Q: 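Please see the structure below; I have some questions.
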Amino acid sequence: MYKELFESLYAHYWQRIYRLALGYVNDADWAKGIAQETFVNVWNQLPKFRADSGYGTWIYRIAVNICLRQIERSKKVMSDESKIRQSKSVEEEYKETNTQILYQAISELSEMNRIIISLTLEGVDQKQIADVTGLTHANVRTRVHRIKEELYQKLNNYGK
Amino acid sequence: MESNQVNLEQLWATPRVEHSDIKEVYQSIDTYRLKKVKMNWALAIIGVSTIGWIIGIYIWLLDTEFAGNLWVILGSLCCGITMMLFMFNYYRLNSLMPESILTQSTSDYIALLTKEKKQQLQLSKVWMNVYIVTLITGIAIFTYPFIVKIDSAIVGGKNIVLMGYYIVLGIWAGVNMYGNKKMNTKKIIKLEQMISSLQAIK
(Lines give C-alpha, C1' and ligand atoms only; values in the text may rest on other atoms or scores of the structure.)
Protein backbone atom coordinates (compact mmCIF):
# COMPACT_ATOMS: atom_id res chain seq x y z
CA MET A 1 0.00 0.00 0.00
CA TYR A 2 2.79 2.44 0.88
CA LYS A 3 4.67 1.51 -2.24
CA GLU A 4 1.83 2.64 -4.49
CA LEU A 5 1.36 5.85 -2.55
CA PHE A 6 5.11 6.49 -2.56
CA GLU A 7 5.36 5.95 -6.33
CA SER A 8 2.45 8.27 -6.92
CA LEU A 9 4.06 10.95 -4.73
CA TYR A 10 7.35 10.39 -6.50
CA ALA A 11 5.75 10.77 -9.93
CA HIS A 12 4.01 13.97 -8.85
CA TYR A 13 6.76 15.67 -6.88
CA TRP A 14 10.13 14.46 -8.11
CA GLN A 15 10.64 17.13 -10.77
CA ARG A 16 9.33 19.86 -8.45
CA ILE A 17 11.76 18.82 -5.73
CA TYR A 18 14.58 18.55 -8.25
CA ARG A 19 13.89 22.09 -9.49
CA LEU A 20 13.69 23.38 -5.92
CA ALA A 21 17.06 21.78 -5.16
CA LEU A 22 18.52 23.05 -8.43
CA GLY A 23 17.38 26.56 -7.54
CA TYR A 24 19.18 26.17 -4.24
CA VAL A 25 22.50 24.65 -5.30
CA ASN A 26 22.64 25.37 -9.08
CA ASP A 27 24.36 22.07 -9.71
CA ALA A 28 22.54 19.22 -11.49
CA ASP A 29 24.28 16.31 -9.73
CA TRP A 30 24.04 17.92 -6.32
CA ALA A 31 20.35 18.73 -6.91
CA LYS A 32 19.69 15.13 -7.95
CA GLY A 33 21.34 13.94 -4.74
CA ILE A 34 19.15 16.26 -2.67
CA ALA A 35 16.02 15.08 -4.50
CA GLN A 36 16.99 11.44 -3.93
CA GLU A 37 17.71 12.08 -0.26
CA THR A 38 14.31 13.76 0.04
CA PHE A 39 12.50 10.72 -1.31
CA VAL A 40 14.53 8.31 0.82
CA ASN A 41 13.28 10.29 3.81
CA VAL A 42 9.74 10.31 2.41
CA TRP A 43 9.82 6.52 2.07
CA ASN A 44 11.14 6.04 5.61
CA GLN A 45 8.70 8.46 7.22
CA LEU A 46 5.61 7.68 5.13
CA PRO A 47 4.15 5.13 7.59
CA LYS A 48 4.35 7.81 10.30
CA PHE A 49 2.77 10.59 8.24
CA ARG A 50 -0.14 12.02 10.21
CA ALA A 51 -1.76 14.36 7.68
CA ASP A 52 -1.30 17.44 9.89
CA SER A 53 -0.45 19.05 6.59
CA GLY A 54 -0.85 17.92 3.00
CA TYR A 55 1.67 15.59 1.38
CA GLY A 56 3.04 18.47 -0.69
CA THR A 57 3.80 20.68 2.31
CA TRP A 58 5.37 17.72 4.11
CA ILE A 59 7.60 16.74 1.18
CA TYR A 60 8.64 20.34 0.51
CA ARG A 61 9.48 20.74 4.19
CA ILE A 62 11.76 17.69 4.09
CA ALA A 63 13.42 18.98 0.91
CA VAL A 64 13.90 22.48 2.39
CA ASN A 65 15.53 21.07 5.52
CA ILE A 66 17.85 18.92 3.41
CA CYS A 67 18.75 22.00 1.34
CA LEU A 68 19.52 23.98 4.49
CA ARG A 69 21.78 21.15 5.66
CA GLN A 70 23.88 21.65 2.54
CA ILE A 71 25.62 24.37 4.55
CA GLU A 72 27.59 21.45 6.00
CA ARG A 73 29.02 20.72 2.57
CA SER A 74 29.76 24.15 1.22
CA LYS A 75 29.51 27.83 2.03
CA LYS A 76 28.94 28.71 -1.61
CA VAL A 77 26.92 27.02 -4.25
CA MET A 78 28.31 26.87 -7.74
CA SER A 79 27.61 29.66 -10.14
CA ASP A 80 29.53 28.36 -13.09
CA GLU A 81 29.43 30.85 -15.94
CA SER A 82 30.84 28.28 -18.31
CA LYS A 83 27.55 26.39 -18.02
CA ILE A 84 25.65 29.33 -19.43
CA ARG A 85 26.65 29.05 -23.07
CA GLN A 86 26.11 25.79 -24.97
CA SER A 87 25.87 25.08 -28.65
CA LYS A 88 22.26 24.44 -29.63
CA SER A 89 19.83 26.00 -32.09
CA VAL A 90 19.51 29.78 -31.70
CA GLU A 91 16.03 29.63 -30.18
CA GLU A 92 16.89 26.69 -27.90
CA GLU A 93 20.12 28.41 -26.91
CA TYR A 94 18.28 31.61 -26.07
CA LYS A 95 15.75 29.82 -23.87
CA GLU A 96 18.37 27.58 -22.26
CA THR A 97 20.72 30.51 -21.68
CA ASN A 98 18.00 32.59 -20.03
CA THR A 99 17.02 29.65 -17.84
CA GLN A 100 20.60 29.16 -16.73
CA ILE A 101 20.93 32.87 -16.07
CA LEU A 102 17.81 32.70 -13.93
CA TYR A 103 19.18 29.77 -11.93
CA GLN A 104 22.49 31.53 -11.51
CA ALA A 105 20.74 34.69 -10.32
CA ILE A 106 18.74 32.63 -7.83
CA SER A 107 21.90 30.93 -6.55
CA GLU A 108 23.28 34.37 -5.68
CA LEU A 109 20.37 35.12 -3.32
CA SER A 110 20.51 34.36 0.40
CA GLU A 111 19.64 30.78 1.42
CA MET A 112 16.09 31.39 2.62
CA ASN A 113 15.30 33.66 -0.34
CA ARG A 114 16.45 30.95 -2.74
CA ILE A 115 13.99 28.57 -1.16
CA ILE A 116 11.13 31.07 -1.14
CA ILE A 117 11.53 32.07 -4.79
CA SER A 118 12.02 28.45 -5.91
CA LEU A 119 8.78 27.45 -4.22
CA THR A 120 7.01 30.52 -5.66
CA LEU A 121 8.14 29.78 -9.19
CA GLU A 122 7.09 26.18 -8.66
CA GLY A 123 3.54 27.46 -8.18
CA VAL A 124 3.32 26.82 -4.44
CA ASP A 125 0.96 29.34 -2.82
CA GLN A 126 2.36 31.76 -0.27
CA LYS A 127 0.43 30.31 2.66
CA GLN A 128 1.93 26.90 1.92
CA ILE A 129 5.39 28.47 1.57
CA ALA A 130 4.87 30.01 5.02
CA ASP A 131 3.97 26.53 6.39
CA VAL A 132 7.01 24.96 4.76
CA THR A 133 9.53 27.56 5.88
CA GLY A 134 8.06 28.48 9.26
CA LEU A 135 7.87 32.17 8.28
CA THR A 136 4.69 34.23 8.52
CA HIS A 137 2.47 34.69 5.48
CA ALA A 138 3.07 38.46 5.53
CA ASN A 139 6.83 37.93 5.67
CA VAL A 140 6.69 35.57 2.68
CA ARG A 141 4.57 38.03 0.68
CA THR A 142 7.02 40.89 1.29
CA ARG A 143 10.03 38.77 0.53
CA VAL A 144 8.58 37.42 -2.72
CA HIS A 145 8.01 40.93 -3.97
CA ARG A 146 11.56 42.03 -3.09
CA ILE A 147 13.16 38.88 -4.45
CA LYS A 148 11.41 39.25 -7.80
CA GLU A 149 12.61 42.85 -8.07
CA GLU A 150 16.11 41.71 -7.27
CA LEU A 151 15.92 38.96 -9.90
CA TYR A 152 14.65 41.31 -12.62
CA GLN A 153 17.50 43.65 -11.83
CA LYS A 154 20.06 40.83 -12.04
CA LEU A 155 18.58 39.57 -15.31
CA ASN A 156 18.66 43.10 -16.73
CA ASN A 157 22.27 43.57 -15.69
CA TYR A 158 23.27 40.34 -17.31
CA GLY A 159 21.71 41.41 -20.58
CA LYS A 160 23.82 44.61 -20.67
CA MET B 1 17.13 41.41 -21.52
CA GLU B 2 14.25 43.67 -20.53
CA SER B 3 12.46 42.77 -17.30
CA ASN B 4 8.99 43.30 -18.75
CA GLN B 5 9.64 40.56 -21.32
CA VAL B 6 10.83 37.99 -18.84
CA ASN B 7 8.38 35.40 -17.62
CA LEU B 8 10.15 33.94 -14.60
CA GLU B 9 7.74 31.03 -14.21
CA GLN B 10 8.20 30.01 -17.83
CA LEU B 11 11.99 30.19 -17.60
CA TRP B 12 11.92 28.24 -14.35
CA ALA B 13 9.88 25.41 -15.85
CA THR B 14 11.87 25.24 -19.12
CA PRO B 15 12.92 21.63 -19.52
CA ARG B 16 16.30 21.43 -17.89
CA VAL B 17 15.29 18.64 -15.61
CA GLU B 18 17.31 15.55 -15.00
CA HIS B 19 15.31 12.49 -16.04
CA SER B 20 14.15 10.74 -12.92
CA ASP B 21 14.56 7.05 -12.23
CA ILE B 22 12.69 5.67 -9.27
CA LYS B 23 14.98 2.62 -9.30
CA GLU B 24 17.86 4.86 -8.16
CA VAL B 25 15.75 6.08 -5.25
CA TYR B 26 14.89 2.48 -4.28
CA GLN B 27 18.61 1.70 -4.45
CA SER B 28 19.36 4.57 -2.05
CA ILE B 29 16.57 3.36 0.24
CA ASP B 30 18.11 -0.13 0.27
CA THR B 31 21.58 1.28 0.95
CA TYR B 32 20.25 3.27 3.88
CA ARG B 33 18.33 0.28 5.24
CA LEU B 34 21.40 -1.99 4.93
CA LYS B 35 23.54 0.58 6.76
CA LYS B 36 21.05 0.55 9.62
CA VAL B 37 20.92 -3.28 9.62
CA LYS B 38 24.74 -3.48 9.64
CA MET B 39 24.95 -1.03 12.54
CA ASN B 40 22.37 -3.04 14.51
CA TRP B 41 24.25 -6.26 13.78
CA ALA B 42 27.57 -4.69 14.79
CA LEU B 43 26.11 -3.52 18.11
CA ALA B 44 24.43 -6.89 18.68
CA ILE B 45 27.68 -8.75 17.96
CA ILE B 46 29.62 -6.50 20.35
CA GLY B 47 26.96 -7.05 23.04
CA VAL B 48 26.77 -10.81 22.56
CA SER B 49 30.58 -11.10 22.34
CA THR B 50 31.01 -9.19 25.58
CA ILE B 51 28.53 -11.42 27.41
CA GLY B 52 29.98 -14.51 25.74
CA TRP B 53 33.48 -13.46 26.71
CA ILE B 54 32.51 -12.99 30.35
CA ILE B 55 30.71 -16.36 30.46
CA GLY B 56 33.57 -18.04 28.61
CA ILE B 57 36.14 -16.71 31.05
CA TYR B 58 34.10 -18.03 33.98
CA ILE B 59 33.80 -21.46 32.41
CA TRP B 60 37.52 -21.49 31.69
CA LEU B 61 38.31 -20.48 35.28
CA LEU B 62 35.88 -22.97 36.89
CA ASP B 63 38.48 -25.49 37.88
CA THR B 64 41.08 -22.91 38.86
CA GLU B 65 41.75 -20.92 42.00
CA PHE B 66 40.36 -17.82 40.25
CA ALA B 67 36.83 -19.19 40.05
CA GLY B 68 34.67 -17.25 42.44
CA ASN B 69 37.49 -14.74 42.99
CA LEU B 70 35.95 -11.43 44.04
CA TRP B 71 38.37 -9.37 41.92
CA VAL B 72 37.47 -11.37 38.80
CA ILE B 73 33.72 -11.08 39.45
CA LEU B 74 33.80 -7.37 40.23
CA GLY B 75 36.05 -6.61 37.27
CA SER B 76 33.80 -8.53 34.87
CA LEU B 77 30.67 -6.82 36.14
CA CYS B 78 32.31 -3.42 35.87
CA CYS B 79 33.44 -4.04 32.26
CA GLY B 80 30.12 -5.62 31.23
CA ILE B 81 27.97 -2.79 32.60
CA THR B 82 30.24 -0.16 31.05
CA MET B 83 30.07 -1.82 27.61
CA MET B 84 26.26 -2.06 27.74
CA LEU B 85 25.85 1.58 28.80
CA PHE B 86 28.27 2.72 26.09
CA MET B 87 26.46 0.78 23.37
CA PHE B 88 23.07 2.07 24.47
CA ASN B 89 24.16 5.70 24.44
CA TYR B 90 26.17 5.35 21.22
CA TYR B 91 23.14 3.92 19.43
CA ARG B 92 20.92 6.66 20.81
CA LEU B 93 23.18 9.56 19.86
CA ASN B 94 24.20 8.33 16.45
CA SER B 95 20.87 7.71 14.82
CA LEU B 96 21.21 7.52 11.07
CA MET B 97 17.94 9.35 10.43
CA PRO B 98 18.25 12.76 12.01
CA GLU B 99 14.97 14.03 13.48
CA SER B 100 15.88 17.41 12.06
CA ILE B 101 14.59 16.36 8.64
CA LEU B 102 11.04 16.61 9.92
CA THR B 103 11.28 19.96 11.72
CA GLN B 104 8.88 22.63 10.55
CA SER B 105 10.98 25.73 10.67
CA THR B 106 14.55 26.91 10.84
CA SER B 107 13.98 27.80 14.51
CA ASP B 108 12.96 24.20 15.31
CA TYR B 109 15.94 22.93 13.36
CA ILE B 110 18.30 25.23 15.28
CA ALA B 111 16.75 24.05 18.56
CA LEU B 112 17.35 20.41 17.59
CA LEU B 113 20.95 21.08 16.55
CA THR B 114 21.53 22.96 19.81
CA LYS B 115 20.16 19.94 21.70
CA GLU B 116 22.46 17.64 19.73
CA LYS B 117 25.41 19.95 20.49
CA LYS B 118 24.63 19.79 24.23
CA GLN B 119 24.46 15.99 24.04
CA GLN B 120 27.81 15.83 22.23
CA LEU B 121 29.35 18.18 24.80
CA GLN B 122 28.04 15.98 27.61
CA LEU B 123 29.33 12.91 25.83
CA SER B 124 32.82 14.30 25.28
CA LYS B 125 33.29 16.05 28.64
CA VAL B 126 31.60 13.54 30.93
CA TRP B 127 30.41 10.24 29.59
CA MET B 128 33.31 9.16 27.36
CA ASN B 129 35.71 9.79 30.21
CA VAL B 130 33.45 7.89 32.61
CA TYR B 131 33.26 4.94 30.19
CA ILE B 132 37.01 4.82 29.66
CA VAL B 133 37.83 5.16 33.35
CA THR B 134 35.29 2.53 34.45
CA LEU B 135 36.33 0.14 31.65
CA ILE B 136 40.01 0.48 32.56
CA THR B 137 39.15 0.12 36.24
CA GLY B 138 37.16 -3.03 35.42
CA ILE B 139 40.10 -4.46 33.45
CA ALA B 140 42.53 -3.49 36.22
CA ILE B 141 40.39 -5.14 38.89
CA PHE B 142 39.75 -8.24 36.75
CA THR B 143 43.41 -8.83 35.91
CA TYR B 144 44.80 -8.14 39.39
CA PRO B 145 44.68 -11.75 40.66
CA PHE B 146 46.42 -12.91 37.46
CA ILE B 147 49.17 -10.30 37.56
CA VAL B 148 50.09 -10.97 41.20
CA LYS B 149 50.66 -14.61 40.25
CA ILE B 150 53.36 -13.73 37.75
CA ASP B 151 56.76 -14.92 38.89
CA SER B 152 59.40 -12.35 38.28
CA ALA B 153 63.14 -12.64 38.48
CA ILE B 154 63.74 -8.91 38.51
CA VAL B 155 64.52 -6.97 41.68
CA GLY B 156 61.33 -5.80 43.32
CA GLY B 157 59.59 -8.59 41.42
CA LYS B 158 55.84 -8.61 41.51
CA ASN B 159 55.46 -5.00 42.60
CA ILE B 160 57.46 -3.76 39.62
CA VAL B 161 55.38 -5.91 37.27
CA LEU B 162 52.14 -4.69 38.85
CA MET B 163 53.22 -1.06 38.71
CA GLY B 164 54.40 -1.39 35.12
CA TYR B 165 51.15 -3.06 34.11
CA TYR B 166 48.96 -0.38 35.68
CA ILE B 167 51.11 2.41 34.22
CA VAL B 168 50.58 0.94 30.73
CA LEU B 169 46.84 0.67 31.39
CA GLY B 170 46.81 4.27 32.57
CA ILE B 171 48.65 5.46 29.46
CA TRP B 172 46.21 3.51 27.27
CA ALA B 173 43.31 5.19 29.07
CA GLY B 174 44.92 8.60 28.61
CA VAL B 175 45.49 8.06 24.90
CA ASN B 176 41.86 6.98 24.43
CA MET B 177 40.53 9.93 26.39
CA TYR B 178 42.63 12.34 24.35
CA GLY B 179 41.59 10.71 21.04
CA ASN B 180 37.89 10.82 21.93
CA LYS B 181 38.12 14.42 23.07
CA LYS B 182 39.66 15.40 19.72
CA MET B 183 37.00 13.51 17.75
CA ASN B 184 34.09 14.98 19.67
CA THR B 185 35.56 18.49 19.50
CA LYS B 186 35.47 18.27 15.69
CA LYS B 187 31.80 17.21 15.76
CA ILE B 188 30.91 20.03 18.12
CA ILE B 189 32.69 22.65 15.98
CA LYS B 190 30.77 21.41 12.94
CA LEU B 191 27.47 21.68 14.80
CA GLU B 192 28.33 25.19 16.01
CA GLN B 193 29.14 26.28 12.45
CA MET B 194 25.81 24.91 11.23
CA ILE B 195 23.92 26.65 14.03
CA SER B 196 25.63 30.00 13.28
CA SER B 197 24.93 29.66 9.56
CA LEU B 198 21.27 28.84 10.15
CA GLN B 199 20.90 31.74 12.59
CA ALA B 200 22.32 34.02 9.90
CA ILE B 201 19.74 32.68 7.42
CA LYS B 202 16.87 33.68 9.71
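Computed from a predicted structure; not experimentally measured. In the text below, chain A, chain B and the rest are named by the order of the sequence lines, each starting its count at 1.
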Q: Give a yes or no on whether B:Q10 atom CD has more than 12 heavy-atom contacts from other residues, nucleotides or ligands under 6.0 Å away.
A: no

Q: With ring pair (Phe, Tyr, Trp, His ring centres under 6.0 Å) as the test, would you mind laying out the steps for A:F49 and A:W58 before giving the verdict?
A: CA-CA 9 Å; A:F49 179 70; A:W58 180 63; 4.7 Å; yes

Q: If you count heavy-atom pairs under 4.5 Å with chain B, which of A:A63, A:G123, A:S118, A:A11 comes out on top?
A: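 Heavy-atom pair counts peak at A:S118.
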
Q: Could you state the interatomic distance from OG1 (B:T134) to CH2 (B:W127), rounded to the nearest 0.5 Å?
A: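 B:T134 atom OG1 to B:W127 atom CH2 measures 9.5 Å (nearest 0.5 Å).
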
Q: Heavy atoms only, distances under 4.5 angstrom: which of A:T38, A:V64, A:L121, A:L151 has the most pairs with chain B? Name it, please.
A: A:L121

Q: Check each of A:T57, A:I129, A:I116 against A:V124 using the side chain to side chain contact (heavy atoms under 4.5 Å, CB included) test, and report the only one that passes.
A: A:I129

Q: Can you say whether A:K48 sits under 4.5 Å from chain B via the side chain, the backbone, both, or neither, judging by heavy atoms?
A: neither

